[in-house]
Amino acid sequence: MCYIDLTVIVAMPKNKAINLLPQEEFSVSLLGRTLTWAMGTFRIIVIVTEIIVMSAFLSRFWLDAQNSDLSNSIKVKSAQIAAQAAVEKDFRSLQSKLNIAKQISAAVPLSQKIDAVASKLPAGVNLISVSVLENSAQIRGSSTTELGIAQFVANLKADKSFKSVDLTQTSSSEINIAQITFSVRISY
Amino acid sequence: MAQGWRGSYTRYREFFLNISALYKKKAELRAFLEIILSLSTIIIFLLFALKPTVVTIVDLMQQIKEKQATLAGLTQKVNDLQKASGLLQQNQAFIPIVNIAVPSLPKPNILAEQVLGLATKDSVDILGFSVNQITLVGVETGKAPSDFKALPGNAKEMSFSISVRGPYSNLTAFINDFENLRITSKIDTLGVGASVTDKGLVIVTVISGRVPFLGS
């Protein structure tokens with residue numbers, strides 16, 4: 001018996017590879033390898049998921065604390081603003097008043113418009129009435145000559161600040177027949 | 001009874017031992033079972049732990065973002081209020097002047113006093129002074145539509161009309177002084193008319209305008 005065994009051993013090739021790991025049919029098959037890979041991967045996925053869940057759970061506490069701090073800060077600031085409500089009201093009121101005063105003061109005074117008309121009167125032409133609005137003016141005057149009226153209208157038209165100058169009416173004066181009354185309309 | 005219990009125990013023990021042996025013996029069964037259990041774990045975690053937590057976290061982060069924006073606005077407002085308070089302190093002397101220029105409430109008496117003072121200063125006669133209907137105290141009723149452009153800054157208005165008589169130079173001085181009054185006024189129409197009467201040449205000026213006020 002012992003002789004036979006030695007004969008078998010002596011008969012074996014010298015460089016034959018010996019694999020001591022059990023070669024199961026399942027672990028070498030495609031399904032087996034796929035399942036083995038899936039098992040390893042899924043383990044990692046489970047671990048990562050657990051880490052994410054734990055992180056999310058823990059981070060919620062931090063976010064809650066931050067939210068609470070912000071709420072407290074907002075309450076404090078709101079209280080500060082409420083305490084200064086009177087200052088805010090006064091300041092806004094003053095700002096509005098200054099704004100109103102500034103805008104009204106920015107407009108050209110109507111007295112300047114009357115002065116502008118009066119300064120263009122030639123000799124022999126008199127004003128009977130001047131009525132000035134924001135965008136227009138109505139002038140009534142009298143003159144001894146038509147030439148004086150024409151000169152007055154020409155002087156007015158020479159002023160670039162007037163948009164239009166129209167002689168709207170001329171007639172003989174009822175009181176003094178030697179006088180000619182006229183009306184001029186100016187647009188600004 | 002005991003026999004039945006023992007019989008069932010033996011039968012079920014064999015059944016479970018068979019399954020256990022099958023589980024240990026069959027590698028693919030172990031693999032499939034582990035994969036199914038892993039998937040179940042992931043799904044349970046995702047559905048019952050991660051999803052509600054993520055929803056809450058997203059909600060919290062939105063709240064934090066909004067609160068941070070609110071806090072930034074409030075901080076800015078507190079800083080601005082401090083600056084405003086400082087400016088008010090610095091310009092304390094000018095505040096009464098601004099309040100006279102554009103009063104909070106209509107004050108026709110002050111306007112009348114100012115006009116009287118100017119008439120005396122410029123030597124003109126006051127022919128008329130009128131202030132249109134206005135609510136001095138209490139709730140303002142509906143106002144009549146104005147022919148003129150509304151005053152800036154949504155200011156309320158007190159309409160007035162003044163007629164004065166005098167020499168032309170005095171009248172122009174009166175108009176200039178009125179335009180430079182501390183009380184802000186918007187002159188809508190300005191008329192100067194001359195007429196010859198028994199007493200000679202009479203020149204009359206009519207000023208119509210509006211005085212702004214802020215209202216309560």
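Reminder, nothing fancy here: chain letters follow the sequence lines and each chain counts from 1.
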**Request:** Can you see which heavy atom on B:Ile35 is nearest to which on A:Ala38, and at what distance?
**Result:** CD1-CB, 3.7 Å
**With B:Glu179 via side chain to side chain donor-acceptor pair (under 3.5 Å) - residues at least two apart** = A:Ser111
**Item:** Heavy-atom side-chain contact between B:Pro152 and A:Lys102 under 4.5 Å
**Value:** no
**Request:** Sort out for me which of A:Asn99, A:Thr41, A:Ile114 touches chain B most, counting heavy-atom pairs under 4.5 Å.
**Result:** A:Ile114
**Asked** For A:Asp64, does the CG atom have more than 12 heavy-atom neighbours from other residues, nucleotides or ligands under 6.0 Å away?
**Response** yes
**Asked** Taking everything shown except A:Tyr188 itself, do over 12 heavy atoms lie less than 6.0 Å from its OH?
**Response** yes
**Request:** Rounded to the nearest 0.5 Å, what's the gap from CG on B:Leu88 to CG on A:Asp90? Could you check?
**Result:** 6.5 Å
**Message:** Among A:Ser71, A:Ser105, A:Ala137, A:Ser96, which residue has the highest count of heavy-atom pairs closer than 4.5 Å to chain B?
**Reply:** A:Ser71
**Request:** Just give me the residue among B:Val192, B:Thr53, B:Thr184, B:Ile95 that pairs up with chain A most often, heavy atom to heavy atom, under 4.5 Å.
**Result:** B:Val192
**Fill in**
Comparing B:Thr189, B:Asn91, B:Leu151, B:Thr172 against chain A, the one with the most heavy-atom pairs below 4.5 Å turns out to be B:Thr189
**Message:** Please classify the contact of A:Ala118 with chain B as side chain, backbone, both or neither, using a heavy-atom distance under 4.5 Å.
**Reply:** side chain
**Item:** From A:Lys97 atom NZ to B:Ile97 atom CD1, the distance as rounded to the nearest 0.5 Å
**Value:** 13.0 Å
**Request:** Counting only heavy atoms closer than 4.5 Å, note whether A:Gln80 contacts chain B via side chain, backbone, both or neither.
**Result:** side chain
**Request:** Would you give the length of the straight line joining atom CG of B:Leu81 to atom CD of A:Glu88, rounded to the nearest 0.5 angstrom?
**Result:** 5.0 Å
**Asked** Would a 4.5 Å heavy-atom cut-off, applied to side chains only, mark A:Phe42 and B:Glu34 as touching?
**Response** no
**Request:** Would you mind telling me which of A:Val130, A:Asp69, A:Leu127 has the largest number of heavy-atom pairs within less than 4.5 Å of chain B?
**Result:** A:Val130
**Message:** For the CG atom of B:Leu214 and the CD1 atom of A:Ile100, what is their distance to the nearest 0.5 Å?
**Reply:** 5.0 Å
**Asked** Looking at B:Thr205, B:Ile175, B:Val78, which makes the most heavy-atom pairs under 4.5 Å with chain A?
**Response** B:Val78
**Item:** side chain to side chain donor-acceptor pair (under 3.5 Å) against B:Lys121, all qualifying residues, sequence neighbours excluded
**Value:** B:Asp177
**Message:** Report which part of B:Tyr168 has an atom under 4.5 Å of a heavy atom belonging to chain A: side chain, backbone, both, or neither.
**Reply:** side chain
**Complete:** Ranked by heavy-atom pairs below 4.5 Å to chain B, first place among A:Thr49, A:Ile74, A:Val46, A:Val48 goes to A:Ile74
**Item:** Value rounded to 0.5 Å, distance of CG in B:Asn99 from CG in A:Leu94
**Value:** 6.0 Å
**Item:** Residue, of B:Leu39, B:Leu87, B:Thr41, that accumulates the most heavy atom pairs under 4.5 Å with chain A
**Value:** B:Leu39
**Asked** Who passes salt bridge (Lys or Arg N to Asp or Glu O under 4.0 Å) against A:Asp166, sequence neighbours left out?
**Response** none
**Prompt:** What part of B:Ser38 lies closer than 4.5 angstrom to a heavy atom of chain A: side chain, backbone, both or neither?
**Reply:** both
**Asked** Is any residue of residues 61-77 of chain B within less than 4.5 Å of chain A by heavy atoms, and which ones?
**Response** B:Met61, B:Gln63, B:Ile64, B:Lys67, B:Gln68, B:Thr70, B:Leu71, B:Leu74, B:Thr75, B:Lys77
**Request:** Determine, step by step, whether A:Glu134 and B:Asp188 satisfy the side chain to side chain contact (heavy atoms under 4.5 Å, CB included) criterion, reporting the C-alpha distance in whole Å, the side-chain angles of both residues, the deciding distance to 0.1 Å, and the verdict.
**Result:** CA-CA 6 Å; A:Glu134 195 177 359; B:Asp188 294 316; 5.6 Å; no
**Shortest non-hydrogen contact from B:Ser185 toward A:Ile104** = O-CG2, 3.5 Å
**Message:** Out of A:Leu133, A:Leu63, A:Val87, A:Asn126, return the one with the most heavy atom pairs under 4.5 angstrom to chain B.
**Reply:** A:Leu63
**Complete:** Okay, B:Leu190 and chain A: the region with an atom under 4.5 Å from a heavy atom over there is both
**Asked** Which value, rounded to the nearest 0.5 Å, describes the distance between B:Leu60 atom CG and A:Phe61 atom CZ?
**Response** 11.5 Å
